[in-house]
Every structure is written in C-alpha cells, then in structure tokens.
Amino acid sequence: MYGSGEVFVIGGAMTPFGKHPDVSAEALAQTAVLEAIEDAGIDRRSIEAAYVGSVFQGSLAGQRVLKDLGMTGMPIINLENACSSGATALSQAWMAVATGQVETALVIGLEKLSVRGSGPLALSTGDPEIDQGLTMPALYAMRTRAYFDKHGGSINQVAQVTVKNRKHAANNRYAQFRDACTVEEVMASRPVADPITLLQMCPNADGAAAVVISAKPKTSGHGKNVKILGSVVASGKFSQGYRDLTVPDISIQAAQRAYEMAGIGPKDVNLAEVHDAAAIAEVIYYEALGFCEPGEGLHFLSTGESSIGGRVPVNPSGGLLCRGHPLGATGVAQIVEIMWHLTDRAGDRQVEGAKIGLAHCTGGGIWGVDNGACSIHVLGV
C-alpha cells in the first residue's frame, strides 16, 4: 500500500481531433498511450491499472486498446458517464492512487464518432422530452433564450465565444478548426436551432487522450510536478418539475467541492478548460465556476477576461467548439492541455505563469441538459 494521498500527473498526450475515417478508435488510443508513457519517462510495466472512458465504443474498450501493446494482466476498468466519461475515469484512477491501491495508473479517453454519421448524436431514451425528439442543439437554444430572458444580452454577444476560441485554437495543432472567424461569420453559418447557428455548437470528432498518474512525482523531463489537488464527480437529481436552464446545479456543486478539496477559490485559478459544447454554455460556466457573478458572463467575455492574457483564460486550447468533442476523450484531453500549461509546454498559446488549472467536463441526457454527470479536476504546481 502506498497511500500518501498525493497524486501527480507525470505524463500525458493526445491525438489530433477531427475525422480519422481510416484509423480505428483502438489505434488512436494506442498512439496516445504510447506517447503518454514516453512523456512520463517510465517503463510501461510499472503501470498497475488502467481506467478507460468512452461512450459508444462498446464493451471492453480498454482491453481492446491495451492487448496489442502487451499491457494486459492488470485491472482494466471501463467507464461510461456521458460526456464526462474520460474525466470520471481519471477520478476513479486518482482515488485508487490516492488511497494506495496502486502506485501508478493509466487513464485513457477515446471515441470515434465519424462512423455515426453527421448531425446531432442520438440521446438516451427514457426522458419524455428526448422521446418527443428534443436534441442537444435545441436544449442549448432553450438555454440561450432563458439566459437572455433572465440577464439580457444578444446572440451576437454569445457568438464572441466562438471568435475567442478560434483565436486560441489557431496555435493548437490538435484542434479540428483553427481558422479565425468573425461574429458576422458565426451568425451567417447555418441555423441549427433558433437562435443558435452551426458555429456556436461543438463538432463531433474522432480522437483519444491518455495520462499517467502516480503517487511518485516525476523525476526527469520538464522539471515541474503537476499535482491533482481536487477530483470530484457529481450527478444531478432527477426532477420532472421546473428547472432553471441558466443554473447548472451539478457544475456549481462540483466546483464548490473541488475548490474546498484543493484549498483554493475561483480567484486562484489561472486557466480553465470548460465544457463549451455550445457557445452559451461557456458563458454560463464562467458564472457556475465562480469566475464572475451570475448575469455577468457576457461582460466577462467581452472585456477579454476569459481570453489568453485575461484574468482567467478559458479554453486556451480552443475548447470543444474548436478542438471537437470525441465524447470519452474530451475530459482526458483537458487534463493534458492543462498539464502542458502548468509545465510551460503549451507553445504559442501558453498562459504565462500558470500555477493552478481547472478542468470541467459535464454531460446530460435523461436528467436534462448537462445534469447527468459532471467532473471537475484542479491541478497545480
């Protein structure tokens, strides 16, 4: 038993996100795994357990990935938790290392969505709204209208999220969309659910990411040890009554718990990767994560506070809107991105002097928009 309670991210990697029709999900994940192990500077035989997050990859996804790498015979745990699957896998791995069950663990997130066709992904049945044909773009359109009704604002202001994240993604070779765009171009893109246009919704993608975590800090390489200061998974309460679409309860709950666990507050966060499945979502999460007061999200955006160089750069990777959203891989990719910033390896999109980073990944379904599962991790150096 190890059980020091401290857990370090000692290596990480991801594949470029996008359409990879000729590459299997397993092959994508194997690339990420090998690069993460190389980044960690360890022998793969020192990994004692693997935790794997995916949504549509079928049974035993982790075993299929690792068998060709000769990494079998250890516990391989597969998890599905909607868009939070990869982040939930990390939380379970963190718990195993923190409690001394294993010293070093591998976390993998993978997804191949290009084989599922274009358009919105089918949601789980069992919810009366979904059974009537409600889609995620429609939910986010309702959320946008609800935000305007409650706080004011315009869809042109919300479109600035896409503009900002495209600017960030220009320096991220792992992002699917890297071309700059204007508010006018965002608004001129194809309508998907009034008032949302295509460029305000994240694209589906294929991709994989992997991290190696350990009770032992890294002893070579970039010279900074990235510690997991907080790891929280929250789930919403099912309710058939009124719900305020501008108040993401489980994100607020998870953030409060993560801050308390890490011994910090929102003002201590130097950068964040958040679940911008739609442009309005990022605005709402500014508020949910405590970066600004309720109703001030659009002002926080327009004044540059969430841009690189601002008070809390949000989605310096370009976020889901630009990197793409291969469901199971997203939460792990967020951790890799933050690790790169905390170790000064993010290149031209580097957040200077970053010491604390927050990753937020959430997903929904039968409990309503993003109210099924949420995972937040706080990392620090």
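The two residues C374 and I250 make their nearest non-hydrogen contact at CB-CD1, 3.6 Å. Across all non-hydrogen atoms, the minimal contact from G207 to P326 is N-CB, 3.7 Å. In this structure, G18 and Q176 approach most closely via the heavy-atom pair CA-CD, 3.7 Å. Heavy atoms only, all atoms of each residue included: L69 and V65 are closest at CG-O, 3.9 Å.
Note that OG of S307 is 11.0 Å distant from CG of N315, once rounded to the nearest 0.5 Å.
Of the possible polar contacts, one joining the R178 side chain to the N172 backbone as a donor-acceptor pair under 3.5 Å is found. In this structure, the side chain of N225 engages the main chain of K218 through a donor-acceptor pair within 3.5 Å. Using a distance-only test at 3.5 Å, with no hydrogens or angles considered, no donor-acceptor pair links the side chain of R311 to the main chain of E305. A side-chain donor-acceptor contact under 3.5 Å links E287 to the backbone of G297. R257 places no side-chain N or O within 3.5 Å of a backbone atom of A234 that could act as its donor or acceptor partner. Within the 3.5 Å criterion, the main-chain N or O of A208 finds no donor-acceptor partner in the side chain of E111. Not one N or O on the side chain of R190 forms a donor-acceptor pair closer than 3.5 Å with the backbone of L198. Side chain of K112 to backbone of H20: a donor-acceptor contact under 3.5 angstrom is found. Side-chain N or O atoms of S214 include one that pairs as donor or acceptor with a backbone N or O of E103 at under 3.5 Å. For the pair S46 (side chain) and D43 (backbone), a donor-acceptor distance under 3.5 Å is present.
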Side chain to side chain contact (heavy atoms under 4.5 Å, CB included) between R345 and D39, intermediate numbers included:
CA-CA 12 Å; R345 294 188 289 162; D39 187 50; 2.8 Å; yes

May I have the step-by-step check of side chain to side chain donor-acceptor pair (under 3.5 Å) for S375 and T88, ending in yes or no?
CA-CA 6 Å; S375 183; T88 301; 5.0 Å; no

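One hydrophobic cluster, built from ILVMFWY side chains closer than 4.5 Å, cannot hold both I376 and Y51; they sit in different ones. At a threshold of 4.5 Å between side-chain heavy atoms, the hydrophobic network of Ile, Leu, Val, Met, Phe, Trp and Tyr places I76 and I42 in one connected group. Cluster annotation: V161 is not connected to F177 through the hydrophobic network of ILVMFWY side chains, with a link wherever side-chain heavy atoms come within less than 4.5 Å. Grouping the Ile, Leu, Val, Met, Phe, Trp and Tyr side chains by contacts below 4.5 angstrom, directly or via other members, places I338 with V226. With hydrophobic clusters built from ILVMFWY side chains whose heavy atoms lie under 4.5 angstrom apart, M142 shares a cluster with V158.
By the 6.0 Å contact criterion, NE2 on H299 is open, its count of non-hydrogen atoms from other residues, nucleotides or ligands being 12 or less. For K19, the NZ atom counts as densely surrounded, since its 6.0 Å shell holds more than 12 non-hydrogen atoms of other residues, nucleotides or ligands. Within a 6.0 Å radius of CG in D348, no more than 12 heavy atoms belonging to other residues, nucleotides or ligands are found.
Under the 4.5 Å side-chain criterion, counting only non-hydrogen atoms from C-beta, E185 is not in contact with T162. Within the 4.5 Å cutoff, no side-chain heavy atoms of H168 are placed close to those of C322.
With respect to the salt-bridge test (charged N to carboxylate O, under 4.0 angstrom), the residues K355 and D268 do not qualify. Ionic pairing of R323 and E337 is not present here: no N-O contact between side-chain nitrogen and carboxylate oxygen is shorter than 4.0 angstrom.
Using bins of under 30°, 30° to 60° and over 60° for the plane-to-plane angle, the ring pair F291/F300 lands in the parallel bin.
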